[in-house]
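A short worksheet on the structure shown next.
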Amino acid sequence: MQFTKTITSWYSVNKRSLPWRDTKNPYNIWLSEIILQQTQVKQGLPYYYAFLKAFPSVFHLAEAQESDVLKLWQGLGYYSRARNLHAAAKYVVNDLNGTFPSNYKDLLKLKGVGDYTASAIASICFNENTAVVDGNVYRVLARYFGVNIPINTTKGVKYFKTLAQTLIDAKNPADYNQAIMEFGAIQCKPQSPNCNICPLNTSCEALAKNMVKTLPVKLKANKVKKRYFNFLVFISEDGKTILEKRTGKGIWQNLYQFPLVETKQDADFDVFSEQLKTETLLKKQSFQLSLYNKDSIVHKLSHQHLYTKFWIVNVNKLPVKGVVFKDVKAYAVPVLIGNFIEAFQFK
DNA sequence: AATGCGGGGGT
DNA sequence: ACCCCAGCATT
């Protein structure tokens, strides 16, 4: 297929030099693929180096505490990736004697490994003939073949997986898969691709029909929800504050935060001050309240905007076991909390 | 099939 | 304000 030949020869000339391209070690490739899920190379690169340094092998990772893995993952987002990474490492060590699964089907059994990642590892490390379909592949194929089926539907997912599988270079799945992704990232990029220099510009359906800007088609996402977060930054006379672990289902699972009071709307000082008197932590406790940031800090996640206030709660003695100020930075926290800790300087 | 999950960067 | 990113798990 001409498409396949052009993509692979483009890749041999234009590929970036990246650390995970110097190895076929499945541990390294797996780590890189998990880090790069929904994450650009530039953002993930420092984490890849940090993880390999802290956990050079799957055995090191399996022996770690989840809290240490999350701390190292801090700032990268989608924290279930870190929790699943750690769980999968323990599975590989405890159930598979440390030997990585070596085919698509068995790779899928690892937590956090879905169709894309199993295909990537199987092809790159074991040369299995299974096509990857990531955001880049959707875009390249939708444009080149002029496909307007929405990519985020069951029909679209199946269609593109099948199409990708017909195009893969069976003699070199490892390079072909990486080639089409790199082509999407650098040449057939989302915004204003330079089609003048594209090696496929004489046969690209989207270019011929002036559809480059409208492909691929993606069904619109839901609207962003607004939430109002009030963090209680306790300050005790013996130099401690309170950190709580987030449990349950929502965002930032297993990360730490200051005690949180969520309100239906932006909290007013007087109203909130009264409300606090009924909070469990402050029921039988006198406290002095001050507001750290008058204007809410807006922290934007994909599907929620968090309007956030940090309330400084001075107390004589903490109602629960606290954390001494110098230890606060050892906890894995969301970026929103980490930024506050950096700026506030506990002392 | 629909929803939730982070954070950074670009336009 | 909206889109994108080497997606996955849950319901």
Side-chain angles (χ1 to χ4, degrees), chain A residues 11 15-16 18-21 29-48 70 73-85 87-88 107-124 131-140 150-158 160-161 164 174 176-186 188-193 213-214 216-225 227 246 248-255 298-306 332-339:
Chain A
Y11 180 65
K15 68 178 171 186
R16 292 167 288 182
L18 296 169
W20 44 85
R21 293 203 170 131
I29 298 299
W30 167 62
L31 177 62
S32 74
E33 292 299 345
I34 301 297
I35 286 173
L36 292 172
Q37 287 169 7
Q38 297 295 119
T39 303
Q40 297 195 335
V41 167
K42 186 182 175 186
Q43 191 188 1
L45 204 46
Y47 289 84
Y48 177 76
L70 282 172
W73 199 270
Q74 180 174 314
L76 196 54
Y78 283 147
Y79 296 93
S80 65
R81 290 185 292 171
R83 297 189 299 270
N84 288 336
L85 186 80
L107 284 160
L108 271 183
K109 296 173 185 167
L110 302 180
K111 281 190 180 178
V113 173
D115 177 78
Y116 163 76
T117 306
S119 298
I121 301 172
S123 61
I124 294 170
V132 295
V133 183
D134 73 334
N136 293 306
V137 176
Y138 281 122
R139 186 170 55 257
V140 172
I151 61 174
N152 55 341
T153 59
T154 303
K155 187 179 174 187
V157 169
K158 280 181 155 176
F160 283 98
K161 178 76 180 181
Y176 171 80
N177 273 342
Q178 295 182 82
I180 188 169
M181 291 192 284
E182 189 79 339
F183 185 79
I186 292 177
C188 196
K189 56 186 185 176
Q191 302 293 332
S192 36
K213 260 197 292 191
T214 60
V217 175
K218 195 174 185 179
L219 265 37
K220 63 180 187 299
N222 292 330
K223 279 211 303 190
V224 177
K225 288 173 188 164
R227 300 176 72 182
R246 286 186 70 95
K249 295 231 155 189
I251 55 175
W252 303 328
Q253 195 180 120
N254 293 4
L255 274 67
V298 186
H299 188 72
K300 294 178 177 180
L301 307 180
S302 295
H303 296 292
Q304 359 182 340
H305 288 180
L306 310 177
V333 297
V335 164
L336 174 62
I337 302 292
N339 289 345

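For clarity, every value in this text was computed on a predicted model and none was experimentally measured.
When the C1' atom is compared between B:dG7 and C:dT10, the two are found 22 Å apart, to the nearest whole Å. B:dC5 and C:dC5 are spaced 14 Å apart, taking the C1' atom of each and rounding to whole Å. Taking the C1' atom of each, C:dC4 and B:dG6 are spaced 14 Å apart, rounded to whole Å. With both ends at atom P, the span from C:dA6 to B:dT11 equals 15 Å, rounded to whole Å.
With distances taken from any side-chain atom of A:Gln38 to the nucleotides B:dC5, B:dG8, C:dG7, the minimum falls on C:dG7. Side-chain atoms of A:Gln40 lie closest to B:dG8 of the nucleotides B:dG8, C:dT10, C:dG7. For A:Gln304, taking side-chain heavy atoms from C-beta onward, the closest of the listed nucleotides B:dG7, C:dA6, B:dC5 is B:dC5.
Where A:Gly135 and A:Pro190 meet DNA chain C, the nucleotide closest to each residue was compared, and A:Pro190 sits on the side nearer the 5' end. Projected onto DNA chain B by closest heavy-atom contact, A:Asn339 and A:Asn152 fall at different nucleotides, the more 5' of which corresponds to A:Asn152. When each of A:Leu18 and A:Lys300 is assigned the nucleotide of DNA chain C with its nearest heavy atom, A:Lys300 is the one assigned upstream, toward the 5' end. When each of A:Gln253 and A:Lys42 is assigned the nucleotide of DNA chain B bearing its nearest heavy atom, the one mapping closer to the 5' terminus is A:Gln253.
Residues A:His299 and A:Val335 meet the side-chain proximity criterion, which asks for heavy atoms closer than 4.5 Å. Counting only heavy atoms from C-beta outward, the side chains of A:Tyr78 and A:Gln38 approach each other to under 4.5 Å. A 4.5 Å side-chain heavy-atom check between A:Gln178 and A:Arg21 finds at least one atom pair inside the cut-off. A:Arg246 places a side-chain heavy atom less than 4.5 Å from the side chain of A:Ile251. Looking at heavy atoms from C-beta onward, A:Lys111 lies out of side-chain contact with A:Arg83 at the 4.5 angstrom threshold.
Within 4.0 Å (heavy atoms only), A:Leu76 reaches at least one base atom of the nucleic acid. Residue A:Asn177 is classed as having no contact, given no heavy-atom separation below 4.0 Å to the nucleic acid. The residue A:Lys225 sits close only to the backbone: its heavy atoms come under 4.0 Å of sugar-phosphate atoms, none of a base. Backbone-only engagement by A:Lys249 is indicated by non-hydrogen atom pairs under 4.0 Å involving sugar-phosphate atoms exclusively. Residue A:Gly184 is classed as having no contact, given no heavy-atom separation below 4.0 Å to the nucleic acid. Note on A:Gly44: nothing from the nucleic acid sits closer than 4.0 angstrom, heavy atoms only. A:Val113 comes within 4.0 angstrom of sugar-phosphate atoms only, judged by non-hydrogen atoms across all strands, and of no base.
Rounding to whole angstrom units, CG of residue A:Asp115 and P of C:dA6 are separated by 17 Å. The interatomic distance linking A:Ile151 (CD1) with C:dC3 (P) rounds to 12 Å, in whole Å. In this structure, A:Leu36 places its CG atom 15 Å from C1' of C:dC4, rounding to the nearest Å. In this structure, NE2 of A:His305 is placed 9 Å from C1' of C:dA1, rounded to the nearest angstrom. Rounded to whole Å, the distance from CZ on A:Arg227 to P on B:dG4 is 11 Å. One atom, CG of A:Asn136, and another, P of C:dC5, lie 6 Å apart when rounded to the nearest Å. The interatomic distance linking A:Asn254 (CG) with B:dC5 (C1') rounds to 14 Å, in whole Å. If you take NZ of A:Lys189 and P of B:dG9, they are 17 Å apart, rounded to a whole angstrom.
Between A:Val137 and A:Val132, the shortest heavy-atom contact is CG2-O, 3.5 Å.
Rounding to the nearest 0.5 Å places OG of A:Ser32 at 10.5 Å from CG of A:Leu45.
Distance alone, capped at 3.5 Å, is enough to place a donor-acceptor pair between the A:Gln74 side chain and the A:Val333 backbone.
Between A:Trp73 and A:Tyr47, the ring planes lie tilted relative to each other; the angle falls in the 30° to 60° range.
Contact between the side-chain N/O atoms of A:Trp73 and the OP1/OP2 oxygens of B:dC5 is not found at any separation under 4.0 Å. Taking only side-chain nitrogens and oxygens, A:Tyr79 comes nearer than 4.0 Å to OP1 or OP2 of B:dG7. Close to C:dC4, at under 4.0 Å from its OP1 or OP2, lies no side-chain N or O of A:Arg139. Put simply, A:Thr117 has a side-chain N or O that comes within less than 4.0 Å of OP1 or OP2 on C:dC8. Remark: A:His299 is in phosphate contact with B:dG7, judged by side-chain N or O atoms under 4.0 Å from OP1 or OP2.
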Any chance you could encode DNA chain B as dot-bracket? Rule is Watson-Crick or G-U wobble with both distances under 3.5 Å; [ ] for pairs crossing earlier ones, | for another strand. |||||.|||||

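Between the side chain of A:Thr39 and the base of B:dG6, at least one donor-acceptor pair of N or O atoms lies under 3.5 Å. With hydrogens and angles left out, the side chain of A:Tyr116 and the base of C:dG7 share no donor-acceptor pair within 3.5 Å.
Checked by atom type, the side-chain pair A:Tyr116/A:Glu33 shows a donor-acceptor distance below 3.5 Å.
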